[in-house]
There are 2 protein chains.
Amino acid sequence: MGQSDRPTLADVAAAAGVSVSTASLAFSGAGPVAASTRDRVLAAAAELGYTGPNPIARSLRRGRSGVIAVVLGAELASAFSDPIHTGTLDGVARELGERGLGLLLVRSDHFGDVPTLVREGVMDAAIIAGLSDLADPVLDALRARGVPFVRVDAGPQDVAGVGIDDAAGIVGLVEHLRGLGHSRIAVLSLPLRHRDATGLVDPRSLGPIAFTPTANRWAGVRESGLVPVAAAEASSSVVEEGRAAARLLLERDDRPTAILAFSDLLAGGAVLAARELGLRVPQDVSVAGFDGLELPWLAPDRLTTAVQGLVEKGRLTARAAAALADGESSPLVRLPVVLRVGTTTGPAPA
Amino acid sequence: MGQSDRPTLADVAAAAGVSVSTASLAFSGAGPVAASTRDRVLAAAAELGYTGPNPIARSLRRGRSGVIAVVLGAELASAFSDPIHTGTLDGVARELGERGLGLLLVRSDHFGDVPTLVREGVMDAAIIAGLSDLADPVLDALRARGVPFVRVDAGPQDVAGVGIDDAAGIVGLVEHLRGLGHSRIAVLSLPLRHRDATGLVDPRSLGPIAFTPTANRWAGVRESGLVPVAAAEASSSVVEEGRAAARLLLERDDRPTAILAFSDLLAGGAVLAARELGLRVPQDVSVAGFDGLELPWLAPDRLTTAVQGLVEKGRLTARAAAALADGESSPLVRLPVVLRVGTTTGPAPA
DNA sequence: GAGTCGAGTCGAATCGATTCGAGCGCGTAG
DNA sequence: CTACGCGCTCGAATCGATTCGACTCGACTC
């Protein structure tokens with residue numbers, strides 16, 4: 001492709017003894033072409049090694065590239081290692097692939113400036129994952145370019161996007177724990193702000209929350225009427241931080257009987273922390289997570305969690321982006337989550 | 001972008017009262033343009049909301065798109081959940097991002113046919129990950145289009161690609177185990193063929209091996225002179241299969257004193273299996289892995305493993321692909337792996 | 001004062017397709 | 001026999017830039 005010696009449609013047309021327009025028609029199938037002519041064109045193409053119209057030229061003419069960008073905000077510095085992100089990305093990739101749309105992957109380090117690709121990359125629409133701030137410069141750049149976008153884990157303030165019903169999921173988990181007789185419940189929160197560290201926080205005065213999922217889940221806590229006996233914030237959604245934060249909660253004098261973690265990785269870490277402290281799960285302490293991951297290494301335990309359909313979320317997001325690329329509008333969708341009771345929650349100890 | 005009402009360079013030129021060529025020069029900076037003229041052009045652009053040249057048109061003219069495709073073979077049905085793949089992908093994304101190159105992500109399900117994007121997607125070069133077969137139809141399609149490609153985990157038979165020194169890594173692990181006095185060593189292998197199931201295999205007659213990393217690591221076993229007392233094959237590189245396969249090895253009458261697993265996820269599963277069987281690691285059985293992942297959930301243990309630089313591998317692959325896109329050639333690179341001794345290997349029991 | 005040089009600007013060709021309107025035969029209806 | 005319609009093909013415009021060669025004009029040299 002390019003200034004190389006690859007044959008063009010003009011070459012094929014010349015070889016077949018027809019005009020370029022006819023050759024084009026023969027390939028695209030749009031328009032009346034005699035069968036004999038088409039065969040001649042295809043034969044000439046095969047002979048010359050012409051593998052089809054140059055996609056760039058086609059895009060230019062059509063005014064569409066067929067490419068959807070996925071911008072991964074690296075707020076967590078680990079977009080690729082977080083199973084939540086990769087699960088969603090998988091769904092996006094499947095859906096776009098099936099539609100014959102390209103997926104331009106863009107990392108946004110959030111260190112320097114807006115990635116060049118956001119400014120200059122070829123795209124008909126964009127999917128924003130992991131950037132919570134509505135005023136993010138990446139979004140400004142896209143708006144300036146006139147590129148429509150949808151956001152994954154969209155907040156209520158978004159116009160278009162796909163999110164999950166975080167609040168309802170949390171409420172379901174709280175009710176589950178309450179039904180088991182728990183009254184001293186601690187919250188193990190996802191990060192509240194950029195660059196915060198793992199540590200205890202006051203659940204009654206959290207301050208502004210920079211990340212949409214975190215905010216949504218705390219909203220669920222409030223909605224459920226739960227007043228946590230304590231709360232800890234993990235600096236990122238990884239097992240290690242979950243364990244560290246859970247230790248802080250479990251070593252307090254007024255040890256909670258249940259930990260409600262905002263992600264399954266954090267919950268997994270909490271289970272490990274409990275085990276290390278000689279606490280039995282769930283007899284001494286119950287642990288609930290969020291997301292619905294399978295953590296095989298937790299066996300024989302299985303997390304109680306609120307399951308979100310990651311791949312489905314990705315597919316819906318991709319569909320929304322495709323609609324935007326087509327000039328259609330796309331609503332704010334909120335997917336349900338369902339409670340899955342595992343072995344890590346049980347009756348509150350007497 | 002597209003047939004919308006976005007301004008074009010011609011509009012800007014008209015508004016600034018200059019020719020299109022001058023306007024182009026003013027933007028690209030290639031060529032002499034009076035400062036006053038440039039300012040006028042930029043002002044006109046700002047006023048019209050022109051955000052820079054249309055990348056598609058630019059690509060057409062230049063004959064290059066600045067896009068590298070990454071084709072993820074889904075042989076493991078889990079390209080996105082395998083940390084080896086995502087780690088490499090992360091490296092690729094970083095390197096390409098820094099070079100201002102786009103990354104077109106293509107999933108190859110391997111079910112139906114060659115993905116449309118491989119046939120028609122915009123790309124200057126491609127990176128193939130997770131497709132081991134040199135005769136894969138995806139590769140044929142790329143060759144037909146004249147798109148150069150490199151392969152991740154390239155085998156010795158590849159012309160260009162980036163791989164790691166699997167064999168040396170295995171040899172190092174075997175020597176480490178031998179140095180600890182182990183003589184009854186079992187191998188926990190990555191899948192040998194498509195659709196194989198988890199189960200015991202005869203280490204002396206493995207048959208043809210379809211996957212390059214698996215083949216390379218068995219080559220290391222042979223090179224080390226090790227004759228495994230037993231071997232098991234996991235159907236994929238996940239904790240669950242590692243555990244299942246390890247059970248088969250550990251429940252044999254002639255229980256091995258050490259298990260050499262071909263991946264860390266398998267090794268992690270093996271540790272879990274040992275613990276479940278009441279065996280102490282490493283007092284009763286040693287376990288070694290491969291890849292150098294951090295498995296926080298294995299704490300307080302840390303795997304003995306052969307560490308490969310995943311991100312570095314990705315970066316190098318991206319660099320090779322960029323070179324190919326520039327028309328340069330790219331050699332076959334083999335990255336070293338280094339032994340990391342953890343807590344899961346120890347002296348052989350008496 | 002004529003000639004040279006160079007900075008600055010412009011026109012036109014080009015990249016590789018798509019697509020619209022026009023043209024050309026040929027068969028059939030009037 | 002003329003006119004019309006239809007099926008097929010073609011020429012040319014277009015998408016939005018880049019880039020080369022030519023041209024203009026003022027400054028400088030001899």
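Residue numbers start from 1 in every chain, and the chains themselves are labelled A, B, ... in the order their sequence lines are given, proteins ahead of strands. A quick note: this is a predicted structure, and the numbers were derived from the prediction, not measured.
- As a whole-Å value, the separation of B/Arg38 CZ from C/dC10 P is 15 Å.
- Rounded to a whole Å, the CZ atom of A/Arg64 is 20 Å from the P atom of C/dA17.
- Here D/dT19 is the nucleotide among D/dT19, D/dC8, D/dA17 with the atom lying nearest to any side-chain atom of B/Arg62.
- The closest side-chain heavy-atom distance from B/Thr8 to B/Asn54 is not below 4.5 Å.
- Among the protein residues, A/Ser21 comes within range of the nucleic acid bases, having at least one heavy atom under 4.0 Å from a base atom.
- Between the CD1 atom of B/Ile56 and the P atom of C/dG16 there is a distance of 16 Å, given to the nearest Å.
- In this structure, A/Val150 and A/Val162 have side chains that are not in contact, with every pair of non-hydrogen atoms separated by 4.5 Å or more.
- Listed for the A/Arg145 side chain is a donor-acceptor partner under 3.5 Å among the backbone atoms of A/Val118.
- Note on A/Ser24: a side-chain N or O is less than 4.0 Å away from OP1 or OP2 of C/dT18.
- In this structure, A/Asn54 atom CG and C/dT14 atom C1' are separated by 14 Å, rounded to whole Å.
- Within the nucleic acid shown, A/Phe27 has no heavy atom closer than 4.0 Å to any nucleic acid atom.
- In this structure, A/Ser108 OG and A/Leu72 CG are separated by 9.0 Å, a value rounded to the nearest 0.5 Å.
- Remark: C1' of C/dT18 and CD of B/Glu120 are 15 Å apart, rounded to the nearest angstrom.
- For D/dG11, its base never sits under 3.5 Å from the side chain of A/Ser19 at any donor and acceptor pair.
- A sub-4.0 Å separation between OP1 or OP2 of C/dC10 and a side-chain N or O of B/Thr22 is present.
- Distance from the side chain of B/Leu25 is smallest to D/dT19 among D/dA17, D/dT19, C/dG8.
- The CG atom of A/Leu60 sits 14 Å away from the P atom of D/dT14 (whole-angstrom rounding).
- Note: CG (A/Asp11) to P (C/dC15) measures 10 Å, nearest angstrom.
- When distances are taken from the side chain of A/Arg61 to each of C/dC15, D/dT14, D/dT9, the shortest belongs to D/dT14.
- Between the P atom of D/dC8 and the CZ atom of A/Arg40 lies a distance of 13 Å, rounded to the nearest Å.
- When side chains are defined from C-beta on, B/Leu89 counts as touching A/Phe80, because their heavy atoms get closer than 4.5 Å.
- With distances taken from any side-chain atom of B/Ala34 to the nucleotides C/dT19, D/dG16, C/dG8, the minimum falls on C/dG8.
- Across all strands shown, C/dG1 is found opposite D/dC30 as a Watson-Crick or G-U wobble partner, with both distances under 3.5 Å.
- Across D/dC8, C/dG16, D/dT18, the shortest atom-to-atom separation from the side chain of A/Thr37 is found for D/dC8.
- Nucleic acid contact for B/Pro53: sugar-phosphate only, since backbone atoms but no base atoms lie under 4.0 Å from a heavy atom of the residue.
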